[in-house]
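This is the structure, below, for whatever I ask next.
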Amino acid sequence: MLAVATFAALASISVNAQAPYKLPPLQYSYSGLENYIDTETMFLHHTRHHNASVNNLNTALKSAKSLSTLKLTTLLKTLKGKDTVTTAIRNNAGSHFNHAQFWRNLRPTWYNFNPALPKNVRSPALNNAINKAFGSYSNFNATFSTAASQLFGSGWTWLIYKPATKSLAVVSTPNQDNPLMTNIVAPELQGIPILGIDVWEHAYYLKVRNMRNRYIANWWQVVNWPQVSSNYQNAIKGNLEALWRQA
Ligand code: MN3
């Protein structure tokens, strides 16, 4: 009996490899993006806002056991329905992916002065894809910034890879929705997110008050292009979990 019970426990652990979720640590200090994104904003955003999403997701998944065994990206793709539990999972699973990728897509500017770290440049493949979709990097930057600036209320603006056309696009999603949510976001907003900006006021209000455009301009200064280039490769390969998880 003991052997059977032990086997069952081990099986259950491997099946439930995804949930409960944990708050992933930042790969730099809370003060690492100072002058662009301030320490207090980073601390509260990570330890309060993102952490609350992780806790709320784990709570909601207790009422949806079959979803707790899915990978987060599979969960986002398959999630369907408007009931209370599904809505809680939608908001918090979206938030968990969105924030986990957001932190990873940023890096301190002092990294640029450390020759041991990769230079903050886009891969040739990503540059080519940006040029093909937008004409130039500056057109892409302007398109993305305008979309982020004009997003009404709270949400995210994304650079997505569209597998159907093998091309990049800029889209915005409300609240904590994510372009992977096949049954929830509109078809034209669907794709694989490789770079997203959080334009909820909690992401910038402490430092720049209502000046979202200043936040967007600051955010560009700390985008981690080697990471976004890697995200692009993983999007092409369909390695969706690699888009948010720590290696
Ligand atoms: Mn946020």
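Keep in mind that this is a model prediction, so the values were computed, not measured. Whatever order the structure lists ligands and atoms in, that order sets their numbers, starting from 1.
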Is any N, O or S atom of His45 under 2.8 Å away from the Mn ion (ligand 1)?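 An N, O or S atom of His45 is closer than 2.8 Å to the Mn ion (ligand 1), so yes.
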Taking the six-membered ring for Trp, are Trp103 and His45 ring centroids under 6.0 Å apart? yes
Is it true that the side chains of Asp38 and Thr41 contain a donor and an acceptor less than 3.5 Å apart? yes
I'd like to know: is the Mn ion (ligand 1) within the 2.8 Å range of an N/O/S atom from His202, strictly under that distance? yes
Do the ring planes of Tyr215 and Tyr204 sit parallel (below 30°), tilted (30 to 60°) or perpendicular (above 60°)? parallel
Nearest to the Mn ion (ligand 1) - the N/O/S atom of Asp198, by atom name: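 It is OD2, the N, O or S atom of Asp198 closest to the Mn ion (ligand 1).
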Do the two ring centres, one from Phe144 and one from Trp219, sit under 6.0 Å apart? yes
